[in-house]
Chemist: 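Below is the structure I would like to discuss, written out as structure tokens.
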Amino acid sequence: MYLLLAASFFVVDGHADTPQFFLDLDTDLSQAGGQMVDLPKARKGGLGGVFFSIWVDPDVYGAHPARRALDLIDAVRLQVERHPGELLLATTAAEVEAAQKARKLAVLMGVEGGHAIEGDLRLLRNFHRLGVRYMTLTWSNTNDLGDSSGDMNKPEVKHHGGLTDLGRRAVQEMNRLGMLVDVSHVADKTFFDALEVSRAPVIASHSSSRALTNHPRNLTDEMLRAVAKNGGVVMVNFFSAFVDEEFRKAFEALRPELDKAVAEVNAKYKDDPAARTRAWFEAEWRITSRIPRPPFESLIAHIEHVARVAGVDHAGIGSDFDGISSLPQGIDSAADLPRIAAALQKRGFTQREVAKIFSGNILRVMRAVEAVAAGSTARGGARAGLSR
């Protein structure tokens with residue numbers, strides 16, 4: 001039954017942070033290992049496509065984030081080149097579906113944090129040329145595109161009051177190029193500004209429900225309805241602090257200790273990316289593991305809430321695998337995705353509705369974004385994208 005269920009659903013995950021392992025630890029996607037996403041786990045769990053995160057830590061690579069982003073993109077593309085029989089670099093919805101038919105894992109990429117373009121839309125275009133198909137406008141740091149939810153309570157950070165003029169032009173350029181605008185991580189005002197500017201559906205690649213877990217990274221019900229009105233999709237994050245209120249409170253209590261540990265790791269291993277990545281995860285897991293993992297049903301409740309409030313056509317899966325230090329009980333890796341399908345069906349979702357949540361909705365949004373880009377080109381929009 002487990003294997004049958006895995007084969008019955010085609011999952012496209014909106015967010016996994018595995019590329020840092022490719023680059024810093026020289027891991028291979030084809031080999032089973034300690035990471036949450038690899039090919040053996042993907043096959044077992046019915047994972048057919050994944051947006052690999054091109055995430056640049058601004059505290060470590062703040063001077064030249066684009067260089068680190070390019071290194072991560074190269075690491076992802078090398079995986080595809082090494083395993084052409086098992087992986088397919090996908091940049092369109094049709095290519096994701098073609099990978100599924102060929103029994104290959106569709107490899108997609110999204111830049112997590114607009115600081116990676118260093119204020120230059122030419123870099124955005126070059127990322128697109130290399131295969132990147134979404135950009136998260138901010139990570140946990142406010143940047144020159146807009147405000148982040150991650151530092152709104154820090155008085156020392158200069159905020160813009162939402163999306164900046166450059167941020168608006170970046171959204172417009174992403175629409176022209178056919179890149180998905182990702183509103184995970186952004187501050188509330190930035191979120192609504194982005195939806196006002198975008199002519200295409202947006203995504204929240206890895207965000208959960210604030211009504212259930214009161215974290216600023218999560219979306220309010222008003223935001224869920226706004227994404228639905230926009231035609232987009234909210235892809236639920238699996239991190240324990242985003243899906244369980246008791247875990248969130250305990251995690252926030254440990255935040256000063258965790259921040260101190262990460263700062264010490266960054267200082268100690270500033271010239272050794274491999275050692276830094278390894279020590280960073282060890283520190284996070286060591287500290288976070290002191291909090292009991294929340295029940296599996298906490299995650300299912302968030303997926304159901306998004307599907308009920310935004311509508312089943314606007315919910316998706318954005319695990320944040322390999323970028324988080326705690327998962328709910330029963331979810332340890334991509335191999336466990338079929339458990340989510342079974343739980344949703346027990347809550348009354350049909351097989352067709354689960355298929356939408358697992359892949360149908362994000363593929364629909366990709367096609368819609370591609371159509372907007374095609375229309376821009378037909379109207380001569382290429383000339384409008386030549387600004388910095």
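Just the heavy atoms: all of them, side chains too, but no hydrogens, waters or symmetry mates, feed the values below. Keep in mind that this is a model prediction, so the values were computed, not measured.
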Chemist: On a heavy-atom basis, which atom in Phe52 and which in Pro19 lie closest, and how many Å separate them?
Modeler: CB-CG, 3.5 Å
Chemist: If we only count heavy atoms from C-beta on, is the Lys270 to Val60 side-chain gap below 4.5 Å?
Modeler: no
Chemist: Between Lys260 and Glu264, does at least one N-O distance fall below 4.0 Å, as a salt bridge requires?
Modeler: yes
Chemist: Scan for salt bridge (Lys or Arg N to Asp or Glu O under 4.0 Å) pairs involving residues 292-318, sequence neighbours excluded, and state none if there are none.
Modeler: Arg293-Asp332, Glu297-Arg347, Glu304-Arg308, Glu304-Arg347, Asp313-Lys356
Chemist: Parallel, tilted or perpendicular: which fits the ring planes of Phe247 and Phe251, with parallel below 30° and perpendicular above 60°?
Modeler: parallel
Chemist: Can you tell whether the side chains of Asp38 and Lys41 come within less than 4.0 Å, N to carboxylate O?
Modeler: yes
Chemist: With the side chain counted from C-beta on, respond yes when His215 and Glu252 share a heavy-atom pair under 4.5 Å apart, and no when they do not.
Modeler: yes
Chemist: Does some side-chain heavy atom of Arg217 sit less than 4.5 Å from a side-chain heavy atom of His206?
Modeler: yes
Chemist: Counting only heavy atoms not in Arg290, do more than 12 fall under 6.0 Å of its CZ?
Modeler: yes
Chemist: Tell me, please, which residues at least two apart from Arg255 pass side chain to side chain donor-acceptor pair (under 3.5 Å).
Modeler: Asp259
Chemist: Does the pair Arg68/Asp24 count as a salt bridge with the N-to-O cut at 4.0 Å?
Modeler: yes
Chemist: Please examine the side chains of His314 and Asn361, heavy atoms only from C-beta on, and report whether any two atoms are closer than 4.5 Å.
Modeler: no
Chemist: Tell me whether Tyr61 at atom OH has more than 12 heavy atoms from other residues, nucleotides or ligands lying less than 6.0 Å away.
Modeler: yes
Chemist: Does any part of the side chain of Ser140, heavy atoms only, come nearer than 4.5 Å to the side chain of Asp151, both counted from C-beta?
Modeler: no
Chemist: Sequence neighbours excluded, which residues qualify as side chain to side chain donor-acceptor pair (under 3.5 Å) partners of His302?
Modeler: Thr213
